[in-house]
Number of protein chains: 2
Amino acid sequence: MKKVKRTTIYDIAEKLGITASSVSRALNNSNQVNEKTKELIIKTADELNYKRNTLASNLRKGQSKTIGVVIPRINQNFFSNVIAGIEEVTYQKGYSLIICQSDEDHDKEIQCVNTLINQHVDCIVISVSADGNDYQHLQNVLDHGIQLIQVDRVAEELETLKVINDNVQASYEAVSHLIEGGYKRIALLEGPQNLSIFKQRKEGYLKAFKAYNVPVIEELIVENAWTKELGAEGTRKLLSLPHPPDAIFASTSDFSALGVLDVANAMGIKVPSQLGICGYANESFSEITSPSITTIDQFSVYMGNTVANLFFQEIGNNDTITKPKIISIKPELIIRGSTKRNG
Amino acid sequence: MKKVKRTTIYDIAEKLGITASSVSRALNNSNQVNEKTKELIIKTADELNYKRNTLASNLRKGQSKTIGVVIPRINQNFFSNVIAGIEEVTYQKGYSLIICQSDEDHDKEIQCVNTLINQHVDCIVISVSADGNDYQHLQNVLDHGIQLIQVDRVAEELETLKVINDNVQASYEAVSHLIEGGYKRIALLEGPQNLSIFKQRKEGYLKAFKAYNVPVIEELIVENAWTKELGAEGTRKLLSLPHPPDAIFASTSDFSALGVLDVANAMGIKVPSQLGICGYANESFSEITSPSITTIDQFSVYMGNTVANLFFQEIGNNDTITKPKIISIKPELIIRGSTKRNG
DNA sequence: CTGAAAGCGCTTACAG
DNA sequence: CTGAAAGCGCTTACAG
C-alpha cells in the first residue's frame, strides 16, 4: 500500500490564501464565517478530497464520539441483536462503535475494558462474562470518568446505569404456565449462579412453586446446564431418575432447551405430551424446531436501543453525579408447541 | 457524569522530576532508558492509574490501529461469524474493530465508509449491500491510501484484496447432488444479479445442468427470491405450475430455503420424497428443521480469520503497489434430510 | 541514557 | 468576520 499524504485544513487554507482557523470554522459550519468564503472552502475541500481527521478533532475536543461494547460473543443472536440495536441509534448521532468480545473469559474481558479506556471511549457498554466476579476493572471505568452501562448480565453491586430484563417475573410466568398446563414435576436447568440473571431466573422458578403451593423437588434442579451440550447432559440425568420430570425449564437459553429437545427426541419421549420444554431468549431457531419451543422474548434489539438512548440522555444531563438508573424491560412469554399439551 | 482529569505523561514526569520524553520511552518499553527509572516510571504510572491516550498516540504516529468493518447486518449469522473471526485475530495484535451496518442500503453504506475514512482507520473490510452498484466510495478508500478488503459480497470490477467463496463450484456440487439423487425438475431461487455471488451461484446451477446434459427449464428459475418471505412466495408460484419442480435450490440463503420448507409443509408436500430442498450458508437453524436442510457451509469464522491475516500480511509487505490478491475458500456441501430421498 | 523541541491535525478563546 | 496562537497528549529525531 503506498503512503498517501492526506489533505489537511492547512492545504485548503494555503490554496485559498486564508488561515486554517477559518477553514476549520467553515467545515464545522460555524456561522461566524463569511457565507461566500464558507462555500468556497467547502467546495475546495471537496475538490481536494479532504476528510477530517477525527482523531485530531477528538483529541482537541477531549471526547472520542466512540462507544465501546464488550460482550461475551458477537456471534450469538441475543448479543448481536443488542449491538444492532445500539448501532441503530448511535449511528444517527455520529457515534462509532468499537466491539470487543470477551469469549466468556474474565481476563480477556479485563483486557478489552482496558483497551477501551485507552481509546478514550465516551462510554462502555458491557455484558459481563460468566467466569469471574471481581469487578475492579469496571470500577476503573467509572474512576476514569467514562460512562458505564451494564446490559443484561450485570454486576449488581456496582452502581451504574443498567438495562436489564425482569428475569424473576419472566421465569415466574414461564413456570406458572407449566404448572397451569398440568405439569407436576418441573425441572430447572440453571446457569452459573455468580451471574445475577441466572440467580433471578431460579428465584422466579421458586416463586412460582410457592405461589401455587407446589413443593420444590431438589433433585430436579440441575446446576450449570447452560449450553446445548450441558443441557443435553442434564436432561439425560434427569430422565434417568426413578421419578423423572414431566417438564423442563431451560432457564439459561434456548440452546440449552434445544439440548433437552434433542435428548427427548432421541429417547422417543413425546414433547409436549410426555415432556414439556420451555427455553429462554427467543432465539430465531426456537420457532423452527418440531415442536417449536416455548420461550421468553427479551426484546434484544430494543434493549440495545434503550442502552443507546440512555447514554445520550445522560450526556445531556449536567448533574455532577449520575444516579444509578436501572431500566428493566419486561420480557414476554411466547407459548409454542413444546408446552401445549391440550390443544 | 463528573469530568475527570486524566493522568498524562506530564503528571508522571512532574512527580518524578524528569521529562515526558523519558516517561513516554519507558511506557513504550524503549531500551534507551535506564532500567531503574523505567521501573519507577511504570510503578508510578500504575499508582496514578495512568492510561495512555491512544488517540494522541495514534495521531502522532499517523496510524490508528483500527479496522473498520461494514456489513449489511450485524445480526445475521453469517456476518456476525465473519466479524467474530476477524476479531479473534485482530484483538491479539492490539487492533480495534469499528463496526457499521449498512442495512442493505447503498446510501448508508457510503456514509459508513466515509465515517471510517474520517476515523483514519488502517483498513476497511466490506461486504457490499445488495442495493446499488456504484463503487466510487470504495475507490475513494483506496485513494486515501487505506487498505480495502472485500469479503463474500464483492464488487468484482474493483481491484482490491478479496476473500470469497467459490460460489460456482459450491452451487455446481449442490445441483449435481440433486441430479444424482434422481430429481428431474430442479428449480432455482436466485438473488439480485447485481451481486456477483448470486450470479456465480446461478452459473454453478447452469453448469451442473450442462455437465449432466439436462435441459434448463426457464420457468423454474425465480428471480429475487432471497429472503424467507420471497422464497416462500416463489415456492408458491413454482408449486402451482402445471409441471411443478421436484426440487428447489434456494441459492440465496437458508432463510429462503426455510421459506420453501414452510410452504411445502403447509401444502402437505413431503420433503424430500416429493420435493428436495437445498439452501446456502449453513445457518445454525438449518440443522434443526424437520427435515434438516441440505446446505453449503462457507466457513464464515474462518473467512473472518483469513481477512484479518491477509491484512497483517499486507502491512508487513513494503511493496509500493499491492497486487490484488483473491483468496477463494472452498465451501462444503452438507447433505441432510431435505435431499436424502433414498435411505 | 536524558532533555528540549517540534509536530501529528485539529479547535477555540482572545483580539481586533 | 478573520487571524495568530496555544494546546489536546503523545512520539521521536536531534543533540549532548
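Just so it is clear, the model here is predicted, and its values are computed rather than measured. The analysis underlying the following values was restricted to heavy atoms, covering all of them including side chains, and did not include hydrogens, waters or symmetry mates. Chain naming here is simple, since letters A, B, ... match the order of the sequence lines and numbering starts at 1 in each.
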| said: Does A:Ser57 reach a base, just sugar-phosphate, or nothing at all? Heavy atoms under 4.0 Å. | reply: sugar-phosphate
| query | Quick one: B:Leu59 CG to D:dC8 C1', roughly how many Å, whole number? | reply | 9 Å
| note | Separation of C:dC8 atom P from B:Asn53 atom CG, nearest Å, is 18 Å
| said: Using whole Å, what does the distance between atom P of nucleotide C:dT12 and atom CG of A:Asn28 come to? | reply: 7 Å
| Trace of the side chain to side chain contact (heavy atoms under 4.5 Å, CB included) decision for B:Val82 with B:Val301 | CA-CA 5 Å; B:Val82 170; B:Val301 175; over 6 Å; no
| field | A:Gln63 CD to D:dG9 P, straight-line distance once rounded to whole Å | value | 14 Å
| query | Given atom NE2 of B:His120 and atom P of C:dC10, what is their separation to the nearest angstrom? | reply | 7 Å
| Nucleotide D:dG9, atom P - distance to CD1 of B:Ile9 in whole Å | 10 Å
| Can you give the dot-bracket line for DNA chain C, where a pair is Watson-Crick or G-U wobble with both atom distances under 3.5 Å, crossing pairs use [ ], and | marks a partner on another strand? | |||.||||||||.|||
| request: Calculate, to the nearest 0.5 Å, the distance between atoms OH and OG1 belonging to B:Tyr10 and B:Thr19 respectively. | output: 9.0 Å
| note | Taken to the nearest 0.5 Å, the spacing of B:Thr66 OG1 from B:Gln119 CD works out to 7.5 Å
| message | In this structure, how many angstroms lie between the C1' atom of C:dC10 and the CG atom of A:Asp11, rounded? | response | 13 Å
| task | Tell me, with the steps shown, if A:Arg6 and A:Asp11 meet salt bridge (Lys or Arg N to Asp or Glu O under 4.0 Å). | result | CA-CA 9 Å; A:Arg6 294 212 188 179; A:Asp11 300 325; over 6 Å; no
| field | Between P of D:dC10 and CD of B:Glu14, the distance in whole Å | value | 14 Å
| said: Do A:Lys38 and A:Asn29 pair up side chain to side chain, a donor and an acceptor below 3.5 Å, judged on atom types alone? | reply: yes
| said: Taking B:Arg73 first and then B:Asp103, would you say they form a salt bridge - that is, a charged N and a carboxylate O separated by under 4.0 Å? | reply: yes
| request: For DNA chain C, determine which residues of residues 110-119 of chain A have any heavy atom closer than 4.0 angstrom to one of its atoms, and list them numerically. | output: none
| query | What is the nucleic acid contact for A:Asn58, judged by heavy atoms within less than 4.0 Å: base, sugar-phosphate only, or nothing? | reply | nothing
| remark: Contact string for nucleotides 1-6 of chain C, one letter per nucleotide 5' to 3', B = base within protein heavy-atom range under 4.0 Å, S = sugar-phosphate only, - = neither, reads SBBBBB
